[in-house]
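Working notes, structure below.
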Amino acid sequence: MARVAVTVPASAKRGEVIEIKTLAAHVMETGFRRTQTGELLPRDIITDFVCTYNGVEVFRAELHQAVAANPLIAFTTVATESGTLEFKWTGDNGYVATHKAELKIV
Amino acid sequence: MTTRRQFLALACGTLAASELRAQLDPNIQAKRKAALDAAISKVVGDAPVRAGRVKLDVPPLIDNGNTVPITVTVDSPMTAASYVKAIHIFTEKNPQPYVITAHLGPRAGRATLSTRARIADTGRVIAIAQLSDGSYWSDTVSVIVTLSACLEDGLI
């Protein structure tokens, strides 16, 4: 199971802009590095990240080799209703990681 | 008559020069520029990119190029009528200049994106924002990198 860490406030006022920080544990191997014997290390990166809010996509990112290892992605969204935020990372070699967070409107 | 000193100086000079030639591609600057232009035109197409409205926050002096915090903020009301569609980040001297593309919408509330990038060498970092009206805005920051990322072999 891929390890991820996501920071979402537990509750927010309606219409408030909340900041979401996400981190996924991943080496993000660029495909440009070589081993000591000169063989090229194959590329192994996270290529896509999607955040959905009650099933509606609110943020999407395409990542490339130049994103640092353990990619951090921080963005904002408007708290419109109580519900679930779902996060999904997909990458090379069938990498998939998902995370869910509950947000309550007070 | 060649003295020992002259001979040594000449030999060392020739050796050093050939070593450098072997390591560095003579057209590296042109190649990097072409790679950057190709990456940007792939995103932007023929549309003009204007400077302004975008604020790119990168430390000017980077100790470790492997993790460089980058924050992009775009001046936009983020309403259904006028919002930022996408934010793209490029670096000038990486073997592959494309860093990240973020797709936003009016539901983002604020047009900001924070991430961490790898930067191979001292050079420019470019952020381009695509607005809902189809215009492109950009900000460029020059950074100095002391410890490079991905420099173990050929640069391009």
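By convention in this document, chain letters (A, B, ...) are assigned in the order of the sequence lines, proteins followed by strands, and residues within each chain are numbered from 1.
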Is a side-chain N or O of [X] found less than 3.5 angstrom from the main chain of [Y], in a donor-acceptor match?
X: B:Arg118; Y: A:Val67; value: yes
X: B:Ser135; Y: B:Leu131; value: no
X: B:Thr101; Y: A:Glu62; value: no
X: A:Asp44; Y: A:Glu29; value: no

Going by atom type alone, with no hydrogens or angles, which donor-acceptor pairs under 3.5 Å involve a side-chain atom of residues 45-56 of chain B and a protein atom two or more places apart or on another chain?
| unit_1 | atom_1 | unit_2 | atom_2 | d |
| --- | --- | --- | --- | --- |
| B:Arg53 | NE | B:Asp75 | O | 3.3 |
| B:Arg53 | NH2 | B:Asp75 | O | 3.1 |

Gap between atom OG1 of B:Thr140 and atom CZ of B:Arg124 - 0.5 Å precision =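 If I round to the nearest 0.5 Å, the distance is 6.0 Å.
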
About how many Å separate CG of A:Leu72 and OG1 of B:Thr67, when rounded to the nearest 0.5 Å?
->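 Interatomic distance, B:Thr67 OG1 to A:Leu72 CG, rounded to 0.5 Å: 10.5 Å.
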
Are A:Thr30 and A:Arg43 linked by a side-chain donor-acceptor pair shorter than 3.5 Å?
-> no

With a 4.5 Å cut-off on heavy-atom pairs, point out which of A:Val58, A:Thr80, A:Thr77, A:Leu63 contacts chain B the most.
-> A:Thr77

When B:Ser114 is tested against each of B:Thr73, B:Thr71, B:Asp57 for side chain to side chain donor-acceptor pair (under 3.5 Å), which residue passes?
-> B:Thr71

Positions in residues 16-27 of chain A that reach chain B, provided some heavy atom is under 4.5 Å away |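 A:Val17, A:Leu23, A:Val27, listed by number.
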
Are there residues of residues 50-57 of chain A that reach to under 4.5 Å of chain B by heavy atoms, and which ones?
-> A:Tyr53, A:Val56

Non-hydrogen atoms of chain B under 4.5 Å away: do they reach the side chain of A:Ala69, the backbone, both or neither?
->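 Its backbone and side chain both get close to chain B.
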
Any residue meeting side-chain contact (heavy atoms from CB on, under 4.5 Å) with B:Ala111, in chain and number order, not counting sequence neighbours =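 In terms of side-chain contact (heavy atoms from CB on, under 4.5 Å), with neighbours along the sequence ignored, B:Ala111 is linked to B:Val74, B:Met78, B:Val84, B:Leu104.
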
